[in-house]
Amino acid sequence: MDRRAFIGTLAGGLLAAPLAAEAQSGYKPEFKMSVVVNEETAWGRAAIRFADAVRHRTAGRIQVKNYFNGQLFADRQTTEFRLLQQGEADFAVGSTINWSPQVKELNLFAMPFMFPNYGALDAVQVGDPGSRLLKLVEHKGVVPIAWGENGFRELNSTRSVRRPEDLQGLKARVVGVPICIEVFRALGANPVSMNWGEALTAFHQGTVDGHENPLALIIPYRLWEIQRHVTLWHYAIDPLILAVSGKTWMSLSVEDRNIVRKVGEEVMTVQKREAREGLERDMTLPTTLQQLYGMEVVQLSPADRQAFRQKTRIVYNKWASEIGVELVHRAERIVEDSGR
Ligand code: X2X
């Protein structure tokens, strides 16, 4: 056999095994996974690992194909949850901000200046508010598998920002959800809502002055080239959730559901750690941004943060009623206790 024919046979053999497994299982040939961002983020890497590990552990029965950069929802990120509800997406690693229009209680994480650190977030997620939020997701026809992390949303802009006054008139891209728009308005900025894909174009064209996103996205998207200032203000936290469409879930065997759950939990534990890397204790990511890319990184003092917090209380109080005051108070108490 010549070399080409041999490689052809080998490839045929490798492909034939999963195809046979999938035909035997009666599953569809492709399960779609939706991801807003690209493959270079901890978020995107989790989707790749999930697809690979699920294919491997189910002996090829479940073939997950990743659709990065919002390809599945044609750049309308606040409709991703609907795709899962309808079964047009089988899986997603989605941001709680993007899913908040459909599950309004997820706005809890966008409550301005509520979460001081990751310890407080973890306590809320493992506590009763976290399990209630996951149940609400499930009641809407989407099966949550595990929490992940986009990260604390910091300010990235063409200006140095230390005080609320510095935001005056700043044209800031925000995700198209009301709470983010209201927070930026309360701070005197000029928020414009855009999908992530459009936002990237706007950043390059210089049609906006800044935006808010986790530091973990600055390097993969080379945003340090455009918006040279970062303010670490932790104004909102953006957990991710790896979830499965309820319709897809029902179509899987019990064995495969268990595999999906186990792999999802493992992959998202790693994802969370990667997204937080260098941010928890030793602050290596801010140092990298400063030293390697020459960015200005402003670390707010507690008093400075308080000034921003004060200006956005009105938005906080309004959203406490929208989300449900009981749930918000429960989370507030856990946040307080976690700081003791
Ligand atoms: O659009 C954003 O800012 C992003 C990528 O962080 C989300 O999907 C929420």
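Quantities reported herein were computed from a predicted structural model and do not represent experimental measurements. Just so you know, ligand 1 is whichever comes first in the structure, and atom 1 is the first atom listed for that ligand.
For ligand 1, the polar-atom distance check against Ser95 finds no nitrogen or oxygen pair separated by under 3.5 Å.
Which of Met194, Glu80, Arg173 comes nearest to atom 3 (O) of ligand 1 through a heavy atom is settled by distance: it is Arg173.
If you number the atoms of ligand 1 from 1 as listed, the ones under 4.0 Å from a heavy atom of Val37 come out as 5 (C). Those atoms of ligand 1 with a heavy atom of Asn150 less than 4.0 angstrom away are 6 (O). Which parts of ligand 1 touch Gln77 is read off a 4.0 Å heavy-atom cut-off, strictly below it: atoms 1 (O), 2 (C), 7 (C), 8 (O), 9 (C). Near Asn98, meaning under 4.0 Å from any of its heavy atoms, are these atoms of ligand 1: 7 (C), 8 (O), 9 (C). The Trp43 neighbourhood of ligand 1 comprises atoms 8 (O), with distances under 4.0 Å to a heavy atom of that residue. Interface atoms of ligand 1 facing Asp238, defined by a heavy-atom separation under 4.0 Å, are 9 (C). Listed by number with element, the atoms of ligand 1 under 4.0 angstrom from any heavy atom of Asn213 are 2 (C), 3 (O), 4 (C), 6 (O).
When each of Phe115, Phe308, Phe184 is paired with Tyr235, the ring-ring contact (aromatic ring centres under 6.0 Å, His included) condition holds for Phe184 and for no other. When Asn98, Thr41, Thr96, Asp238 are each tested for a side chain to side chain donor-acceptor pair (under 3.5 Å) with Asn150, only one passes: Asp238.
Trp319 and Glu182 share a donor-acceptor pair across their side chains, judged by distance under 3.5 Å alone. For the 3.5 Å distance criterion, the side chains of Gln125 and Lys272 qualify, holding a donor opposite an acceptor. For the residue pair Glu80 / Ser34, a side-chain donor-acceptor distance below 3.5 Å is found, with atom types taken as modelled.
Within the cation-pi definition used here (under 6.0 Å to the ring centroid, within 45° of the axis), Lys318 does not qualify as a partner of Tyr316.
Here side chain to side chain donor-acceptor pair (under 3.5 Å) pairs that include residues 159-170, with residues two or more places apart or in two chains, are Ser160-Glu296.
Ligand 1 is never approached by His211 to a heavy-atom distance shorter than 4.0 Å.
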